[in-house]
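Atoms within a ligand are numbered from 1 in the order they appear, just like the ligands themselves. In this chain, residues are counted from 1 in sequence order.
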Amino acid sequence: MRKISLLFFCSAALAAEGQSQLSSNPNIIFILADDVGYGDLSCYGAKAVQTPSVDLLAKKGVRFTHAYACSSTCTPSRYGLLTGQYPWRRNDTGIARGDAPMIIHPDQTTVATMLKNAGYATGVVGKWHLGLGEGGFNRQAWNDSIHPGPAQIGFDYSFIMAATGDRVPCVFVENQRVVGLDRNDPIQVSYTQPFSGEPTGKANPELLTLHPSHGHDQAIINGISRIGYMKGGHAALWNDENIADTITRKAVSFIENNSNHPFFLYFCTQDIHVPRVPHPRFRGKTAMGSRGDAIVEFDWSVSQIVATLRHLGIEKNTLIILSSDNGPVVDDGYRDQAREKLGDHKPWGPLRGGKYSAFEAGTRVPFLVSWPDRIKPGLSEALVSQIDLIATLGKLTGQVLPTGSAPDSFDQLDVWLGKSSANRSFLIEQSTGTLSIVNNRYKYIQPSTGPAMEENTDIELGNSPIPQLYNLKQDENERSNLATKLAKKVNSLSRKLEEAVSKP
Ligand code: NG6
Ligand code: CA
């Protein structure tokens, strides 16, 4: 009898504790822009485009100057962000095709599974690009329920673009079913062969309203040729100029539907990835053409999220993290005048390189953390990485991660909330060609045989057959290779990198 009542007492106490932990937990929104560079936002120095809503988050929160994405392209960057495992620990995390199988395994712990366990309502809206279902021609269930998908890695709700704006299928997928599909017009997708009778950008350039500059000459959807071939699904096709409106509306609805208990929203914009087709109301808002206008559209999406929180009275207890998945690119495959109209604007800010690159602009990205109830506004120069999202939010919500999960993620809560300026002890950057390690403001780039320059995008990739060492404190633009002069430093950093690669 005594035993039973004791047990009852304990579980009631635990439940009460869980409850109070939960009710004091903030809502969490991670806003992830696509290809927005270190210098693309006015709070990071841009003059040719104004981003007042993003700037307000920076003003109310902590703005980081040394924050990194896990990789200089999208799929690996997002893989690291959600799992806390560096993407290069696996060999299947490169830029995913639109018919790629789901890359994160359902048995992996993600930020979403962890927060779901903590009692959060979890949702993902926008660009996914992490593979879906079983993948492959004739195996992917585009016309049925697609498994596995976001629900299998912790997201209660999902409204996503399967891959990217420039890859087929050009449809939205809500809770793992294609939205608006007409059963009589099934979707077929192939990344190897065109469908006979279907026009392509290569064969039918006369049908295009936006022409490719490189690649992107396969299926034509809305007058824009894409990567991959697609047939059918006409009623389900998205309208490019409405993507920001559609996904922002879905993000807002998710917040409204979950405003009475803690929620986690992972909101990934298509802006400012190619093809850049901002809604007509944003056209001409900058002198930079569609790339600049897409930044204004991104800022608008942010304004809608914040206005919704304010309207619902939950702005103060909502933690917003805003960042980008990789560095900037000007011409990423379409003749959209981005290069011609760039003017003095520097998407990479004071950094060298860009998307795809081992130089800093590849992975050093804007990073803002705002939580009006708890954060004292400020600027932080601390070395931080998106890889730490899961451990940091685990600490915030009192979650213990299962052994073996998120091996590269460390709790940085005090730093992210601006209470500490301690640097992460070291971090690893991944480019399309090599790995680099940053430690105590020195950066070592591992030798690699890839090209120094990507001609199409006009980006310096940072590949070199000889070791590179830069002092980022004195030489942020990575001009002076100190590898010969500081051979000891090269040795210690290359050893540190090898150690980290061989065992997490
Ligand atoms: C590249 C595409 C580029 C973009 C990128 C992925 C070509 C020539 N280039 O292969 O346009 O789609 O992949 O971008 O096809 S990311 O931001 O999703 O990583
Ligand atoms: Ca990207």
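- Every atom of ligand 1 with a heavy atom of T164 under 4.0 Å away is listed here by number and element: 18 (O).
- For ligand 1, the polar-atom distance check finds an N/O of R167 within less than 3.5 Å of one of the ligand's N/O atoms.
- Of all the atoms in ligand 1, the ones that sit under 4.0 Å from a non-hydrogen atom of N326 are 17 (O).
- Here D34 contributes OD1 and D35 contributes OD1, and at the Ca ion (ligand 2) these two atoms make an angle of 80°, given to 10°.
- In terms of protein heavy atoms, atom 14 (O) of ligand 1 is closest to K355 NZ, 2.8 Å.
- Neither side chain, D217 nor S225, offers a donor N or O lying under 3.5 Å from an acceptor on the other.
- Note: W88 and Y86 have parallel aromatic rings, judged against thresholds of 30 and 60 degrees for the angle between ring planes.
- The protein heavy atom nearest to atom 11 (O) of ligand 1 is D332 O, 2.8 Å.
- Contact annotation: for D35 versus ligand 1, heavy atoms closer than 4.0 Å belong to the side chain alone.
- Less than 4.0 angstrom separates some heavy atom of H214 from each of these atoms of ligand 1: 8 (C).
- Between D325 and R78, at least one side-chain N (NZ, or NE/NH1/NH2) sits under 4.0 Å from a carboxylate O, which counts as a salt bridge.
- In summary, the atoms of ligand 1 found under 4.0 Å from a heavy atom of D34, numbered by their order in the structure, are 17 (O).
- Looking only at heavy atoms of the protein, atom 16 (S) of ligand 1 is closest to C74 CB, 3.2 Å.
- Counting heavy atoms closer than 4.0 Å to ligand 1, residue R78 contributes nothing at all.
- If you look at W416 and F367, their ring centroids are closer than 6.0 Å.
- Between F264 and Y266, the ring-plane angle classifies as parallel under the 30° and 60° cut-offs.
- The ligand atoms of ligand 1 that sit less than 4.0 angstrom from a heavy atom of D166 are 3 (C), 4 (C), 11 (O), 12 (O).
- Between E360 and the options Y470, Y68, W348, a side chain to side chain donor-acceptor pair (under 3.5 Å) holds for only Y68.
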Using side chain to side chain contact (heavy atoms under 4.5 Å, CB included), reason through F254 and F159 one step at a time and then give a plain yes or no.
CA-CA 10 Å; F254 176 82; F159 185 95; over 6 Å; no
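- Within D325, the N/O/S atom positioned nearest the Ca ion (ligand 2) carries the name OD2.
- Ion pairing of D299 with K285 is absent here, as no side-chain N (NZ or NE/NH1/NH2) approaches a carboxylate O to less than 4.0 Å.
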Just do the side chain to side chain contact (heavy atoms under 4.5 Å, CB included) check on R339 and S213 with the steps written out, would you?
CA-CA 11 Å; R339 199 172 272 167; S213 59; over 6 Å; no
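- Relative orientation of the F155 and W128 rings is perpendicular, given thresholds of 30° and 60° on the angle between their planes.
- Contact annotation: N326 places an N, O or S atom under 3.0 Å from the Ca ion (ligand 2).
- Distances below 4.0 Å separate heavy atoms of Y356 from the following atoms of ligand 1: 1 (C), 3 (C), 4 (C), 5 (C).
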In sequence, state the C-alpha distance, the side-chain angles, and the governing distance for D332 and R276, and then conclude on salt bridge (charged side-chain N to carboxylate O under 4.0 Å, His left out).
CA-CA 10 Å; D332 206 16; R276 303 170 185 125; 5.8 Å; no
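- For atom 9 (N) of ligand 1, the closest non-hydrogen atom of the protein is H216 CE1, 3.8 Å.
- Numbered from 1 in the order shown, with element, the atoms of ligand 1 that lie under 4.0 Å from a heavy atom of I227 read 15 (O).
- Close approach to T73 involves these atoms of ligand 1, each under 4.0 Å from a residue heavy atom: 19 (O).
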